[in-house]
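Shown next, in structure tokens, is the structure this report addresses.
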Protein chains: 2
Amino acid sequence: MKCYRLLFFEYSFYMLIYQSYIYKYMELTRKNQIIKVAATLFRERGYNAVSMRDIAKVMEMKASSLYNHISGKQEILSSLIIEVAQAFTSEMSKIIATHSTALKQIEKVVEIHIDVTVTYSENIASLNNDWMHLEGAALKTVIKMREEYEENFRSIIKRGIQEGEIKPQHPEVILFSILSTLRTLYLWNEKRGKMDVNLLKKDMVAVLIKGIV
Amino acid sequence: MKCYRLLFFEYSFYMLIYQSYIYKYMELTRKNQIIKVAATLFRERGYNAVSMRDIAKVMEMKASSLYNHISGKQEILSSLIIEVAQAFTSEMSKIIATHSTALKQIEKVVEIHIDVTVTYSENIASLNNDWMHLEGAALKTVIKMREEYEENFRSIIKRGIQEGEIKPQHPEVILFSILSTLRTLYLWNEKRGKMDVNLLKKDMVAVLIKGIV
DNA sequence: AACTCTAACTAACAATCGTTAGTTTTGTAT
DNA sequence: ATACAAAACTAACGATTGTTAGTTAGAGTT
């Protein structure tokens, strides 16, 4: 996974297509490759247990060489987290904008969570487990985005209760139990194996909304 | 929080009763105090982001002094995790032994999860987030306990479906969504504030089993 | 052929890590 | 008073951390 010039790199990287699972990174810039590699390591061991030398080893280069492409470890973490946080925020905005019934909106929240999880499962691990290791502005931003997301979800649930669509249970309990299931979805990505995404959406919506009895 | 001899320590520790939240550690051995302090730090920042010097600072001693009481950082982590893992395992055994209906057993699982979370909330943070940093036998033990716990829960759910008590949904989806809610309960401990534990149990059982509509 | 740019390299920095060895302080028991 | 044990201390170890500075190799451009 070494490369001295982009063309040469693309060639040598191309060679990996048939022997490696990382062929999907082929079209990425060197920077984004590093971020992807870091993401999988962060997911397995957590931000603080992964050294720059660990990341470099997978990239088949020396740790110092990483700094030709990124400004530091913090940049990797913050770009990972902010990317997926923005995905959630923008999807949530779309849902709010639909002005459908609260129940339909909740169903939609479950669905987009599954979609985003499939697309960004490694990023979500960092968002969930390592957000507190962000520094400065990035930390503030992520906390704010998280609060706004929760507040949006909370207001949907409250509206659902007011309009009689949802049982008058403690809204915080509802919010919490749905959200914690959705947030841990990334852990389930490999376990569910070949389970179809659309089937998963259907079942998940059913279980979370209609219960199990 | 320094102490040269146990009696003196108990006295000086006693002085803290009226000025500090840590009065509850009063009757603990020095070793268990260290473990408790480590637990709160691990919960906030994660195992790898907490140094022995951090723990020592809270204990008002030098890092090397910790080794008069514990064998190392690993011992702290493993005793934290194994303590709560055993609590879950033993409670689950009791539930299995009751031979009640599957639904009643699931309700009971939710309730004991809330109880154990209230008692061991810091330990659960480590169990959830830092189990992978265990080494050797402790790691194997915890993985095995986790698998057995999940398998027990899974078989209850399957029995519930077979006997028609539970809707014939994908059992893995049910298992996952209940378990991930329960496992993240510890995050909610401060948020829920003054919410009564028994009320929480009632609402949580209702939401997880009967759904929200 | 000479120049430029990218992306790697080597070498090293200061800081921090978990831990060990040996020593001193302190309260208790004889 | 003396001896003992508990629990702190100082000092330092080798390893690892994120990062910087300066250099080199290879490919494209003129």
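Every chain is numbered from 1 and lettered A, B, ... according to where its sequence line falls, protein lines coming before strand lines.
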Would you mind writing out the side-chain donor-acceptor pairs for residues 198-209 of chain A within the sub-3.5 Å range, not counting sequence neighbours?
from, atom 1, to, atom 2, distance (Å)
A/Lys201, NZ, A/Asp115, OD1, 3.0
A/Lys201, NZ, A/Asp115, OD2, 3.1

Figure out the [atom1]/[atom2] separation between [X] and [N], and round it to whole Å.
X	N	atom1	atom2	answer
A/Ile34	D/dT19	CD1	P	13 Å
B/Met52	C/dG18	CE	P	7 Å
A/Ile55	D/dG18	CD1	P	8 Å
B/Met61	D/dA8	CE	P	4 Å
B/Asp54	C/dC17	CG	P	6 Å
B/Leu41	C/dC17	CG	C1'	16 Å
A/Lys62	D/dT17	NZ	P	15 Å

Please tabulate, for side-chain N and O atoms in residues 44-59 of chain B, each donor-acceptor pair with protein atoms closer than 3.5 Å (sequence neighbours left out).
from, atom 1, to, atom 2, distance (Å)
B/Arg45, NH1, B/Asp54, OD2, 3.3
B/Asn48, ND2, B/His133, NE2, 3.0
B/Ser51, OG, B/Arg53, N, 3.3
B/Ser51, OG, B/Asp54, N, 3.0
B/Ser51, OG, B/Asp54, OD2, 3.2
B/Asp54, OD2, B/Ser51, N, 2.9

Distances under 3.5 Å only, N/O to N/O: pair up the protein atoms with those of nucleotides 12-15 of chain D.
none

Annotated structure of DNA chain D as dot-bracket, pair cut-off 3.5 Å, Watson-Crick or G-U only, | for inter-strand, is ||||||||||||||||||||||||||||||
Under 4.0 Å between a side-chain N or O of A/Ser64 and OP1 or OP2 of D/dT19?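 A/Ser64 to D/dT19 OP1/OP2: no side-chain N or O under 4.0 Å.
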For A/Thr181 and B/Ser180, which heavy atoms make the closest approach, and how far apart are they?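 Taking A/Thr181 first and B/Ser180 second, the nearest heavy atoms are CA-OG, 3.3 Å.
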Considering all heavy atoms, the nearest B/Leu182-B/Thr117 contact: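 Shortest heavy-atom contact: O-OG1, 4.5 Å.
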Is there a donor-acceptor pair closer than 3.5 Å between any side-chain N or O of A/Ser71 and the backbone N or O of A/Tyr67?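 No.
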Under the 3.5 angstrom rule, does the side chain of A/Gln74 hit a backbone N or O of A/Glu135 as a donor-acceptor pair?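 Checking the backbone N and O of A/Glu135 against the side chain of A/Gln74, a donor-acceptor pair under 3.5 Å is found.
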Under the salt bridge (Lys or Arg N to Asp or Glu O under 4.0 Å) rule, collect the residues that match up with B/Lys73, sequence neighbours excluded.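 None.
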Please identify each residue that fulfils salt bridge (Lys or Arg N to Asp or Glu O under 4.0 Å) with A/Glu91, with sequence neighbours left out.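 A/Glu91: salt bridge (Lys or Arg N to Asp or Glu O under 4.0 Å) contacts with A/Lys94.
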Near DNA chain C, counting only heavy atoms under 4.0 Å, which residues of residues 66-81 of chain B show up?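 B/Tyr67, B/Gly72, B/Lys73, in order of number.
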With sequence neighbours left out, what residues match [X] under side chain to side chain contact (heavy atoms under 4.5 Å, CB included)?
X	result
A/Lys144	A/Glu148
B/Arg146	B/Leu127, B/Asn128, B/Trp131, B/Glu150, B/Arg183
A/Lys104	A/Ser100, A/Thr101

Should A/Arg43 and A/Tyr186 count as side-chain neighbours, where that means a heavy-atom distance under 4.5 Å?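 Side chain of A/Arg43 against side chain of A/Tyr186, heavy atoms only: contact under 4.5 Å found.
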Heavy atoms within less than 4.0 Å of DNA chain D: which residues of residues 133-141 of chain A have one? Give them sorted by number.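 None - not one residue of the stretch has a heavy atom sitting under 4.0 Å from the strand.
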Counting the atoms with a prime plus P, OP1 and OP2 as sugar-phosphate, which does A/Ser65 contact under 4.0 Å by heavy atoms, base, sugar-phosphate, or nothing?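 Answer is base: heavy atoms of A/Ser65 come under 4.0 Å of a base.
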Results of side-chain hydrogen bond (donor to acceptor under 3.5 Å, both in side chains) for B/Arg154 - residues two or more places apart only: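 For B/Arg154 the side-chain hydrogen bond (donor to acceptor under 3.5 Å, both in side chains) partners, ignoring immediate neighbours, are B/Glu151, B/Glu172.
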Quick one: which of A/Leu80, A/Ile82, A/Leu77 gives a side-chain contact (heavy atoms from CB on, under 4.5 Å) with A/Leu134?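 Exactly one pass, corresponding to A/Leu77.
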